[in-house]
Each structure stands twice: as C-alpha cells, then as structure tokens.
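These notes concern the structure reproduced below.
Owing to the predicted nature of the structure, the values given are computational and were not obtained by experimental measurement.
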Amino acid sequence: MGLFSFIKNAGEKLFGGADTPEEKAAKVKDHVAKQGFDLSGVTFSADGEKIVVSGQALNIDEKQKILATAGNVEGVEVVEDELTLKTPLVIEIPDISKTMYTVKSGDSLSKIAKEVYGDPMQYPKIFEANKPMLKHEDKIYPGQVLYIPQA
C-alpha cells in the first residue's frame with residue numbers, strides 16, 4: 001500500500017495540546033466522515049504524527065480522497081495506507097505520483113490545471129475532485145495535497 005507525506009503544520013486544526021492517540025484517530029475519522037465518505041469498513045489509528053487508515057474503501061477515487069483528507073490535518077505528517085477496495089479495479093491503478101499534487105506558494109487551481117493537463121480552464125475538474133475538502137476554488141494553501149483526477 002504506502003506512506004504519504006504531508007506538511008504537519010498545515011491543514012485543518014483538529015487537535016488540542018494533549019490528545020491521546022485514540023482521540024487523534026477519532027478526530028481524524030470524524031473529520032473524514034464529515035466529507036460524506038462511506039467509512040463503515042474503514043478504521044483509523046494514530047501513532048505520533050502518523051495516521052494509519054485501514055479497512056476497505058468503496059473504490060480507488062474514494063480511497064485517494066480519504067487519504068488526502070486524513071493527511072490535510074495540522075499535526076499529521078504521514079498517512080499510512082492500508083486500505084483495500086470493495087469494488088475491484090477494472091483498469092490498472094494510475095501512477096500515484098501523478099494523482100497527488102502538493103500546492104506550492106503562488107499556485108492557483110488554474111495554474112495547477114495548466115501544469116498537469118496543459119489547459120488552465122480544466123481547474124474545475126481539480127476543484128470538484130477535492131470537494132468537500134475545498135470550500136472555494138481560491139482557498140488553497142502551500143503544503144496542501146490535492147487529488148488530481150486522471151480522466
């Protein structure tokens with residue numbers, strides 16, 4: 001499966017100063033659940049600045065969105081992917097290095113779309129793929145990791 005690195009000082013602020021690993025895991029799971037994902041077969045655990053996500057995700061798109069949402073939390077530096085899929089893949093798994101993009105200073109969704117698709121007008125595709133984590137297309141920040149759909 002894999003490990004995904006995130007900027008630990010960027011993202012949604014969920015943790016207090018003295019959260020136990022169980023409390024951290026529960027807060028991340030609640031945060032991910034608010035995004036509307038089916039987490040009935042998904043578990044979260046915490047080990048320091050690492051969140052381990054295991055169980056079964058509905059499909060590859062939902063899996064990657066769950067991992068990105070779990071990692072875009074302040075205080076999370078690594079997300080360990082132990083998820084399998086409920087719906088088997090009919091196509092081969094896309095190159096993960098092309099499906100995750102770390103926002104740099106000065107980036108906008110249209111600038112990212114031009115870089116990854118060659119067309120800045122394709123930015124709504126990136127915005128829609130990262131909803132509801134993104135509330136507004138102009139509200140991205142350096143260090144945030146976005147899912148880039150390939151189709």
Does any part of the side chain of L146, heavy atoms only, come nearer than 4.5 Å to the side chain of L134, both counted from C-beta?
yes
State, with a plain yes or no, whether a side-chain heavy atom of Y117 is found less than 4.5 Å away from one of P149.
yes
Search all heavy atoms of V145 against all heavy atoms of S5 and return the closest pair with its distance.
CG2-O, 4.3 Å
For the residue pair A70 and F44, what are the closest heavy atoms and their distance?
CB-CE2, 4.2 Å
Residues passing the side-chain contact (heavy atoms from CB on, under 4.5 Å) test with A46, sequence neighbours excluded, are P21, K24, A25, I51
Heavy-atom donor-acceptor pair, T69 side chain to Q35 backbone, under 3.5 Å
no
Got a second to check how far N9's CG is from E74's CD, nearest 0.5 Å?
6.0 Å
Less than 4.5 Å apart, side chain to side chain, heavy atoms only: is that true for V79 and L3?
no
Give the table of side-chain donor-acceptor pairs shorter than 3.5 Å for residues 135-142, with sequence neighbours excluded, one pair per line with atom names and distance.
| from | atom 1 | to | atom 2 | distance (Å) |
| --- | --- | --- | --- | --- |
| K135 | NZ | P132 | O | 3.0 |
| H136 | ND1 | D138 | N | 3.0 |
| Y141 | OH | G11 | N | 3.4 |

Gap between atom CG of D19 and atom CG of L14 - 0.5 Å precision:
9.0 Å
Between N130 and L109, is a side-chain contact (heavy atoms from CB on, under 4.5 Å) present by the stated rule, with each step listed?
CA-CA 11 Å; N130 287 279; L109 290 183; over 6 Å; no
Under the side-chain contact (heavy atoms from CB on, under 4.5 Å) rule, what do I126 and V116 come out as? Steps first, then yes or no, please.
CA-CA 10 Å; I126 299 169; V116 298; 4.3 Å; yes
For a salt bridge (Lys or Arg N to Asp or Glu O under 4.0 Å) check, start with the C-alpha distance between E62 and K65, then their side-chain angles and the critical distance, and finish with the verdict.
CA-CA 5 Å; E62 190 155 301; K65 289 178 183 180; over 6 Å; no
Just wondering, do Q56 and L83 contact through their side chains at under 4.5 Å, heavy atoms?
no
Just how far is it from atom NZ of K125 to atom CZ of F127, taken to the nearest 0.5 Å?
15.5 Å
Would a 4.5 Å heavy-atom cut-off, applied to side chains only, mark F37 and V42 as touching?
no
Would you mind listing every salt bridge (charged side-chain N to carboxylate O under 4.0 Å, His left out) that reaches into residues 112-121, with sequence neighbours excluded?
K104-E115
Within the 4.5 Å heavy-atom criterion, are D61 and Y147 side-chain neighbours or not?
yes
Report yes or no: does T87 contribute a side-chain atom to a donor-acceptor pair with the main-chain N or O of L58 at less than 3.5 Å?
yes
Please identify each residue that fulfils salt bridge (charged side-chain N to carboxylate O under 4.0 Å, His left out) with K111, with sequence neighbours left out.
none
A side-chain contact here means heavy atoms from C-beta on lying under 4.5 Å apart; do V73 and F15 qualify?
yes
Evaluation steps, side-chain contact (heavy atoms from CB on, under 4.5 Å), between K29 and L39
CA-CA 8 Å; K29 183 173 184 172; L39 300 179; 4.1 Å; yes
Closest heavy-atom contact between I60 and L85?
N-CD2, 3.8 Å
Can you tell me how far the CD atom of E12 sits from the NZ atom of K27, to the nearest 0.5 Å?
12.5 Å
Under 3.5 Å, is there a donor-acceptor pair linking the side chains of Q64 and T99?
yes
Distance in Å, D81 CG paired with K63 NZ, rounded so as to fall on 0.5 Å steps:
4.0 Å
So do V78 and F6 actually touch side chain to side chain, heavy atoms under 4.5 Å?
no
Checking S54 now: which residues fulfil side-chain contact (heavy atoms from CB on, under 4.5 Å) with it, not counting sequence neighbours?
T43, E82
Write out all pairs satisfying salt bridge (charged side-chain N to carboxylate O under 4.0 Å, His left out) with one or both partners inside residues 35-50, taking only residues at least two apart or from two chains.
K8-E49, D38-K86, K50-E80
